[in-house]
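Protein chains get the first letters and strands the later ones, always in sequence-line order, with residue 1 at the start of each.
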There are 2 protein chains.
Amino acid sequence: MEFMPVERVRRRIPDATVVRLPIYLRILVEQADEKVEWISSEGLAELAGVNAAKVRKDLSYLGSYGTRGVGYEVAFLVYQIRRELGLTHDWPVVIVGAGNLGQALAGYGGFGERGFPVAGVVDIEPAKVGSVIGGVRVRHIEDLAQIVHSRRVHIGVVATPPGAAQDAADRLVSAGVTSILNFAPVVLVVPRGISVRKVDLAVELQILSYYEQRRAGVGLHAVTSNDAGRGASA
Amino acid sequence: MEFMPVERVRRRIPDATVVRLPIYLRILVEQADEKVEWISSEGLAELAGVNAAKVRKDLSYLGSYGTRGVGYEVAFLVYQIRRELGLTHDWPVVIVGAGNLGQALAGYGGFGERGFPVAGVVDIEPAKVGSVIGGVRVRHIEDLAQIVHSRRVHIGVVATPPGAAQDAADRLVSAGVTSILNFAPVVLVVPRGISVRKVDLAVELQILSYYEQRRAGVGLHAVTSNDAGRGASA
DNA sequence: ATGCACTCGTGCATACATTCACAAAGCGGG
DNA sequence: CCCGCTTTGTGAATGTATGCACGAGTGCAT
C-alpha cells in the first residue's frame, strides 16, 4: 500500500519484453518493406519464433493498438515501438578500442543505418590514432570527453582487450556516457544508474557447448534461447 | 509421481544458471592465475556482480563442492564447471561468411585459446575464397560438409549478411552441425533439437536506447542486464 | 574438548515470465 | 441489422528464477 504518484511514472515494460521489442520491430519493418499493411499476433509470433499470446501481451504494454478480428497495422506498430524504445532520433555512439573488433564494428555500416551512427572511435595507442576506419578517423582516448560532449553521445561501446576494459568504462562514465555496450570478457563495475549490456562470444560458445555436451548424454532437450525464445520447428 | 529412471538422467541445470557458469569460470581461472586457491561465494559473487546466495545455488547444481566455513577450492571448481559445460575437450567451430565480421571473428585469437579453434571459414563468394585470415584459408561453402565431417565440427557460426543467414543455417544443419551462433539480424528457423543462440548488436543498442530514453522521463531505475545480473555499485 | 566465527547448502517466500483460455470487440455478408 | 468468424486484450494458472534466512558443518584458538 502506497501513495499513487501524482503523474503516472509511465507504465514500466518488463525487461523480458524490452528484449523482444527490437526483434518485433525489425520484423515489422521488413514486412512494411514488403508492403504488408496488417499483421496478426499469430503472424508476428511465427516470424519472431515465439508464442502468439506472448506477442499480444508484449504489445499490450505499449497500449491497445490492435484491432480485434483484424490484427495490428504494421506502420502504426512500427511507430509505437520506435517511440517506446526511444528510436525517434539517432543515438550517436563512441567506440573505445580500435583493434580487430573495434575496426569491424566501425566498419560495419549497419550501426548508422539503424540509428546509431559512430560519432567517434578512440584508442589509447598513439600508433592507431589517425587511421581511418568506416569513414571515421581514430582519435586518441584523451579526446573522448570532447567527442562525447560535442556530439552528445549517451552510449559507449567497449571494444578493448580485457585488461583495458574497466579503464575504458571509467573514462566513458566520467565523460558523461550513461549506457555501455561491453564486448570485453570482463564484468564492468559502474556507478548506479549506468546501464551496461555485455556481449561475450566465448560465453555464448560455452553455453552452446553445455547443450551440445548434454545431447551426448540423453536425447531429451529442446532448444537453447538467449533471452527471447529463439526458434525450433522445421 | 513417476518412476525414477534407472540411471539418473543427470540433474538438469536451470538455463539461467547455465548462462552464469561461464562467467564464474572465467573469473575462477583469473583467480587461479593469481594464485588464489580458495574463494567464498561472497567473493565470487562480488567479482561476478551477483548475489552470493545465487552463486551458492548455482554451484549447488554441480554438486556439493564447497567446504563450510572455508569456501570453494578454486582449481576444483574450475574443473567441475569445465566438466559440466563440456569444456574438457576442444570444440572446433566453422564460420560461415568471410565478410567484415567473419574476418574479425577468425582473426580474433580468443576463440582458439578458449577451446573453440576455428576449423574453417567458408564463403559463397568465389572472390573471397583463397585468402587467408587468422591463419585459416577461406574455402568455398560447397566444402562445408567436408570440413564439418573431417574436423568433427558441432558448432557453426553464422556471420553472413541477413539475406544469406537462413541458407547458411540450412547448410550447417544438413552438414551435421547441431549448435549455431548467429550474428545475423534474422530469426533462424532450424529443426527441433538444434541449439541456436544469437548475438545482435542492433538489438543490444536498442535495448540500451530504451533505458536511456526512460532515464529522461523519471530518475528511477537501476541497471540493465542481459541474462546474468550485470553490475552496479561504485 | 569446547566454543566461536565463518561459510555452505537449501527450504521457503516472493517476484517475474510464460501460457492458456475466454469474453469482448470488430468486420463482412446476406 | 444481425450472425458468425476472426483476433485482440487480459485474468488466472502455471512455471522459472531470485533472494532471504537459517540449520548444519568446518576450522581455529584457547
Side-chain angles (χ1 to χ4, degrees), chain A residues 1-2 11-21 23-24 28 36-74 76-77 80 207 221-232, chain B residues 11-21 23-24 28 36-74 76-77 80 207 221-232:
Chain A
M1 299 309 114
E2 211 190 303
R11 60 206 168 292
R12 206 182 68 83
I13 296 184
D15 288 355
T17 295
V18 171
V19 170
R20 285 187 295 266
L21 287 178
I23 299 168
Y24 300 152
L28 290 167
V36 175
E37 292 186 28
W38 292 84
I39 194 166
S40 66
S41 60
E42 185 68 40
L44 182 49
E46 170 91 44
L47 294 171
V50 302
N51 181 295
K54 197 186 279 186
V55 168
R56 290 199 295 278
K57 187 147 280 183
D58 284 343
L59 296 181
S60 77
Y61 293 116
L62 308 182
S64 289
Y65 297 142
T67 306
R68 294 165 189 229
V70 179
Y72 301 86
E73 194 182 348
V74 174
F76 188 63
L77 253 198
Q80 290 298 341
I207 294 168
H221 180 255
V223 160
T224 318
S225 77
N226 311 23
D227 8 43
R230 199 123 316 70
Chain B
R11 60 208 166 291
R12 206 182 71 81
I13 296 184
D15 289 353
T17 295
V18 172
V19 170
R20 285 187 295 265
L21 287 178
I23 299 168
Y24 300 153
L28 290 167
V36 174
E37 293 186 26
W38 292 84
I39 193 165
S40 65
S41 59
E42 183 68 39
L44 181 49
E46 170 91 43
L47 293 171
V50 302
N51 181 295
K54 198 186 280 185
V55 168
R56 289 199 296 278
K57 189 150 281 184
D58 284 343
L59 296 181
S60 77
Y61 294 116
L62 308 182
S64 289
Y65 296 141
T67 306
R68 292 164 191 230
V70 180
Y72 301 86
E73 194 183 348
V74 174
F76 188 62
L77 253 197
Q80 291 299 340
I207 294 168
H221 179 257
V223 161
T224 318
S225 76
N226 310 22
D227 8 42
R230 200 123 316 67

Open item on the list: Between Ala53(B) and Arg68(A), which residue's closest nucleotide on DNA chain C lies nearer the 5′ terminus?
Closed with: Ala53(B)
- [ ] Could you tell me the separation between the CD atom of Glu73(A) and the C1' atom of dT8(D), rounded to a whole number of Å?
- [x] 15 Å
- [ ] Return the nearest nucleotide to the side chain of Ser60(A); candidates are dT8(D), dT10(D), dT18(C).
- [x] dT10(D)
TODO: Examine dC8(C): is either OP1 or OP2 under 4.0 Å from a nitrogen or oxygen in the side chain of Ser41(B)? Give yes or no.
DONE: yes
- [ ] Measure the distance from CG on Leu59(B) to P on dT7(C) and round it to the nearest whole Å.
- [x] 15 Å
TODO: Would you indicate which nucleotide in dT7(C), dT26(D), dT18(D) comes nearest to any side-chain atom of Thr67(B)?
DONE: dT26(D)
Task: Position toward the 5' end of DNA chain C (nearest nucleotide), Gly69(A) or Asp58(A) - done: Asp58(A)
Open item on the list: Can you measure Arg56(B) atom CZ to dC22(D) atom C1' for me and round it to whole angstrom units?
Closed with: 11 Å
Open item on the list: Rounded to whole Å, how long is the line connecting atom CG of Leu21(B) with atom P of dA17(D)?
Closed with: 13 Å
Task: Proximity to the side chain of Ser40(B) - top-ranked nucleotide from dA17(C), dG19(D), dT7(C) - done: dT7(C)
- [ ] Looking only at non-hydrogen atoms, find the nearest pair between Leu28(A) and Val74(A) and report the distance.
- [x] O-CG1, 3.4 Å
TODO: Figure out the CG/P separation between Leu44(A) and dT7(D), and round it to whole Å.
DONE: 14 Å
TODO: Mind running side-chain contact (heavy atoms from CB on, under 4.5 Å) on Tyr72(B) and Leu59(B) for me, showing each step along the way?
DONE: CA-CA 10 Å; Tyr72(B) 301 86; Leu59(B) 296 181; 3.6 Å; yes
TODO: Ignoring hydrogens and angles, answer whether the base of dT18(D) and the side-chain atoms of Lys57(B) contain a donor-acceptor pair closer than 3.5 Å.
DONE: no
- [ ] Provide, to the nearest angstrom, the distance between the NZ atom belonging to Lys54(B) and the P atom belonging to dC16(C).
- [x] 12 Å
Open item on the list: Taking atom CD as the centre, does Glu73(A) end up with more than 12 heavy-atom neighbours from other residues, nucleotides or ligands that are less than 6.0 angstrom away?
Closed with: yes
Open item on the list: Is the shortest side-chain heavy-atom distance between Val50(B) and Ile23(B) below 4.5 Å?
Closed with: no
TODO: Let me know the distance between CD1 of Ile39(A) and P of dT7(D), rounded to the nearest Å.
DONE: 12 Å
Open item on the list: Classify Tyr65(A) by what it touches in the nucleic acid, base, sugar-phosphate, or nothing, heavy-atom distance under 4.0 Å.
Closed with: sugar-phosphate
TODO: Report the distance from atom CH2 of Trp38(A) to atom C1' of dC27(C), rounded to the nearest whole Å.
DONE: 11 Å
Task: Validation row: Leu21(B), Tyr61(B) side chains within 4.5 angstrom (heavy atoms) - done: no
Open item on the list: Please determine whether a side-chain nitrogen or oxygen atom of Asn51(A) lies at a distance below 4.0 Å from atom OP1 or OP2 of dC20(C).
Closed with: yes
Task: Side-chain N,O (Arg20(A)) to OP1/OP2 (dT18(C)) below 4.0 Å - done: yes
Open item on the list: It should be established whether Tyr72(B) places a side-chain nitrogen or oxygen under 4.0 Å from OP1 or OP2 of nucleotide dG9(C).
Closed with: yes
